[in-house]
Structures are given as C-alpha cells and as structure tokens.
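Beneath this line is the structure, given in structure tokens, with notes to follow.
In what follows, chains carry the letters A, B, and so on, assigned in the order in which the sequence lines appear, proteins first and then strands, with residues in each chain numbered from 1. Worth knowing before you read on, the calculation uses all heavy atoms, side chains too, and leaves out hydrogens, waters and symmetry mates. Computed from a predicted model, the values in this text were never measured in an experiment.
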2 protein chains.
Amino acid sequence: METIDRDDAEHTDGRFARGARRRSEIIEATLAVVTRDGAAGVTHRTVAKQAGITTSLSTYYFTTLDDLLVAALTSVADVYTARIRQIIDTPGDKLTGLAELIAETAGVGRERALAERELATLAARRPALRPVARRWRENVAELCATLTDDPVAVAGVVAASDGLCTAILLDNGPADPGYLRAVLHRALHH
Amino acid sequence: METIDRDDAEHTDGRFARGARRRSEIIEATLAVVTRDGAAGVTHRTVAKQAGITTSLSTYYFTTLDDLLVAALTSVADVYTARIRQIIDTPGDKLTGLAELIAETAGVGRERALAERELATLAARRPALRPVARRWRENVAELCATLTDDPVAVAGVVAASDGLCTAILLDNGPADPGYLRAVLHRALHH
DNA sequence: TCGCTAGTTGTACGATGGTTCTAATTGAAC
DNA sequence: GTTCAATTAGAACCATCGTACAACTAGCGA
C-alpha cells in the first residue's frame, strides 16, 4: 500500500514502486493463506505459491517468517482502524454503525475477522505486537467516548463488542445487526 | 483424571491405572508447551520431552497430533466448566465469583487462560471442537440466567465476560475484581 | 506357571520447512 | 553505454516433524 522508506513518491512505476507493490502482494497472499489454512499454514513456500512467486522472493522481502506475520497483522489491523474511524467521522447513529461492522463478521468479513483473530492470538506471545492488537479496542473506546462520559460504560461496550465478535465466529450463523445493537445499547445506557 | 473405558475402578495401580495417568501427564505436558511456545510449538517430540517420555509413547496415546490438541482443549475446558459450576452451586454473590474468576486471568491463571485462548482459536477451524470451545460461554450464560430473565442482558454479560478476559490478556496488568464486577453489574442490571 | 496384551523404547523413512547462497536479470543514475 | 544496486530465480543445506514399525518389558488373568 505505501512506498517503502526509500524515496518519496517520485516514481509511480519502476523498480522501487514494483518492490513496494510486491511487498503488499505478499502480505495479501499471507492473509489468504491464514484465511484458508490458519496461521499455522503460513510458510514461505505456501505464501510464495499463493502469490505466484518463488520462495526466495518471499524471504527477500521478509527475511524471517516472523517479519511476515507481523506485517500481515499490522496490515489487517489497519483496515479495521480505518473502518472504525470512518464510523466515528460519519454523522449518524454511531452505535448502529458499530453493530453493522460487528455483524459483518458473520458474512463477507468472516474470513478477515478469523484471520485477524488468529493473528491477534499470535500477538499475545510477542510484546512488540500488542500495541497493534490493542488498536481495535482503543478505537471502539474512542467511538464510545463520543456517546458517554461513564468510563465503566465505555469498558462495558468495548468488552461486549469483542465478545460479540467471538460469539459470531463460534456460532457460525448469521448475525442480526438489530440484536447486536440492542446488546450494545443496553451496555451503553443505564 | 479418569480411567479409560477399559474397566471400572478395579485397579488403583498397575497397568491400566498407569496408562490413564500417563495420558493425563501427556495432556498436562501439552498445555505446558502451549503455555511456553504457543500451539504452534506442540509436536509429539516437544510434548514428549516436556513429559520426560519418548516420542513414540506420545504417539501411542494420541495417534495423531490432532487427537492430542483436541484432548488438551477438552481438558482445559473441563477445568473452566468445573469452576463456573462451582460458582453457580455456591450460595452468595455469583457476580463477584465470576469477576474473581475473570480476574484470575491476570495472575496465576494467566498461562492457563492463554493456552485456552490459543486452543480455542484452533477450534474456529475445526467444527468438531466448536462445542467444546462454546462451553465456557454457555456456562456463563447459565450463571446469568439465575440472575435475570432478560435474554439481552444475558448476552451482554456473556460477551462482556469474554471481552474482559481478552482485555486482561492484552493489557498484561493486574486486574481489579471490583472493577470487573462493576462492569458486569452494569451489563446485567438496567 | 504361562499366554496375552498394555505399555514402552529406539530407530528410521519420507516429507516439509526456514534459511542461505549463487547466479541471472533489470531498471535507475550518470 | 556503463555501472551498480534492487530484484528475481533456482537450488541446496540442514533441521524438524509426523508417523510407522519391530522389538522388548511387565502386569493381568487363568
């Protein structure tokens, strides 16, 4: 997505730009592998095959497997961050927006959410990754802060959002945004 | 913990009893490995080394790695089930009991909770494991059902319990049972 | 005592994976 | 055009892993 630290948007194509594109292609392929086979299925070889490149090219861009997983987790967290920020910045019922975002977990967003969760579990063992994994919660908290002043209420909604996602992933059924909103609303207002 | 389906508590020692003991020793070793290196670190060899036995003995009791992981997840879920059931059956403030159980996640129970979470993530990709992974939520729901009739409130507390555990694991700091109880209490009562 | 089976060991085969290395190719700068 | 670093390909090394297998030990029932 972004250019590497090499130069500043001087070349839109060419060596450096292609390198940056490759990099994001590899991250995308990594997420596809995580989606299909889980984090355990991520190897330089499987990622390379998924991306249609050679194995050594994967190691060229991400020296160690860990580098690759960290980059993938960061990337997926960025997507969620953007979604939440969009809800915050959009006028209207923010709670409904949050409920719909959570409901997405059951549909199109299921695989992404699964990948995100799988990678977040990895984060528990890597202190360097914790801030990234925490971002989702902090963003939800920020959203809640626009709706109430009660810190306990904020904590409750953040925890409930997380738990609802888990429930949806485990139940594997369709999620009713209206119901989700009701639970969140109840957690928010006394 | 239990005897295998062979015979019924006829021998407290000897071949069969020792076999059952070995089995639970191996499961214990598996959880220790998950705690130390994560679920990805679980191999027949690492588990065997942790248990102080030979590799082939691990495969003797658990033919495939999957069998081993399933057994380990089931075992850890059993512990939590027992804890919750104890809270339900104990007279007194059940919400405080639940809050204290959650707070444990930050202390002595941290590694166990981490292992449980790691294994639960695995469950998302193995339908056969989902019922086991769901038990925790069902038990919390059962506990809540003794406190309220509102299904939305129950869903809120269950989700909040789960989310609070996640938060504690991520924040890696001490958890205040009183604060946890306040969040749960707020989720429960309107 | 003796056969049987659970428990146990050591070893090995085939496969996979992380990582490294070398050589080729290509685009950018001059 | 020449030079140089970024990029790509191909192969290989070495470790580990899942699993299988044959042999050996010892408790259990008769």
query = Are A:L65 and A:L68 close enough that some pair of their side-chain heavy atoms sits under 4.5 Å apart?
reply = yes
key: Length of the line joining B:R21:CZ and C:dA6:C1', which is rounded to integer Å   = 14 Å
request  = From the options C:dG7, D:dC21, C:dT19, select the nucleotide whose nearest atom is closest to the side chain of B:Y61.
outcome  = C:dG7
request  = Provide, to the nearest angstrom, the distance between the CD1 atom belonging to A:I53 and the P atom belonging to D:dG10.
outcome  = 12 Å
inquiry  = Going by side-chain contact (heavy atoms from CB on, under 4.5 Å), B:R110 matches just one of B:T35, B:T105, B:L169. Which one?
reply    = B:L169
Intermediate values then yes/no, salt bridge (charged side-chain N to carboxylate O under 4.0 Å, His left out), A:D176 and A:R181 = CA-CA 9 Å; A:D176 176 14; A:R181 191 191 180 284; over 6 Å; no
B:I26 CD1 - C:dT8 C1' separation (whole Å) = 11 Å
key: Spacing between B:D67 atom CG and D:dT19 atom C1', to the nearest angstrom   = 13 Å
query = 5'-most contact on DNA chain D: A:T54 or A:R45, nearest heavy atom basis?
reply = A:T54
ask   = Do any side-chain nitrogens or oxygens of A:R22 fall under 4.0 Å of OP1 or OP2 in D:dT8?
value = yes
inquiry  = When you measure from the side chain of B:S161 to the backbone of B:V157, do you find a donor-acceptor pair of N or O atoms at a distance under 3.5 Å?
reply    = yes
request  = Describe the nucleic acid contact of B:V47 in one word from base, sugar-phosphate, nothing, applying a heavy-atom distance below 4.0 Å.
outcome  = nothing
D:dT7 phosphate, OP1 or OP2, under 4.0 Å from A:Y60 side-chain N/O = yes
request  = Report the distance from atom CG of A:D66 to atom P of C:dG17, rounded to the nearest whole Å.
outcome  = 17 Å
remark   = Considering only heavy side-chain atoms of A:T55, the closest of D:dT19, C:dT19, D:dC17 is C:dT19
Integer-rounded Å distance: D:dT7 C1' and A:E25 CD = 13 Å
Distance, rounded to the nearest Å, where A:L57 contributes CG and C:dT25 contributes P = 16 Å
ask   = Under 4.0 Å between a side-chain N or O of B:R23 and OP1 or OP2 of C:dG7?
value = no
remark   = Side-chain contact check for A:H44: nearest option of C:dT19, C:dT20, D:dG18 is C:dT19
ask   = Taking the side chain of A:S56 as its heavy atoms from C-beta onward, which of D:dT7, C:dT20, C:dG7 lies nearest to it?
value = C:dT20
task = Rounded to the nearest angstrom, tell me the gap between atom CG in A:L68 and atom P in C:dG18.
result = 10 Å
request  = Report which part of the nucleic acid A:T43 touches: base, sugar-phosphate, or nothing (heavy-atom distance under 4.0 Å, all strands).
outcome  = sugar-phosphate
ask   = Under a 4.5 Å cut-off applied to non-hydrogen side-chain atoms, are B:Q50 and B:E28 in contact?
value = no
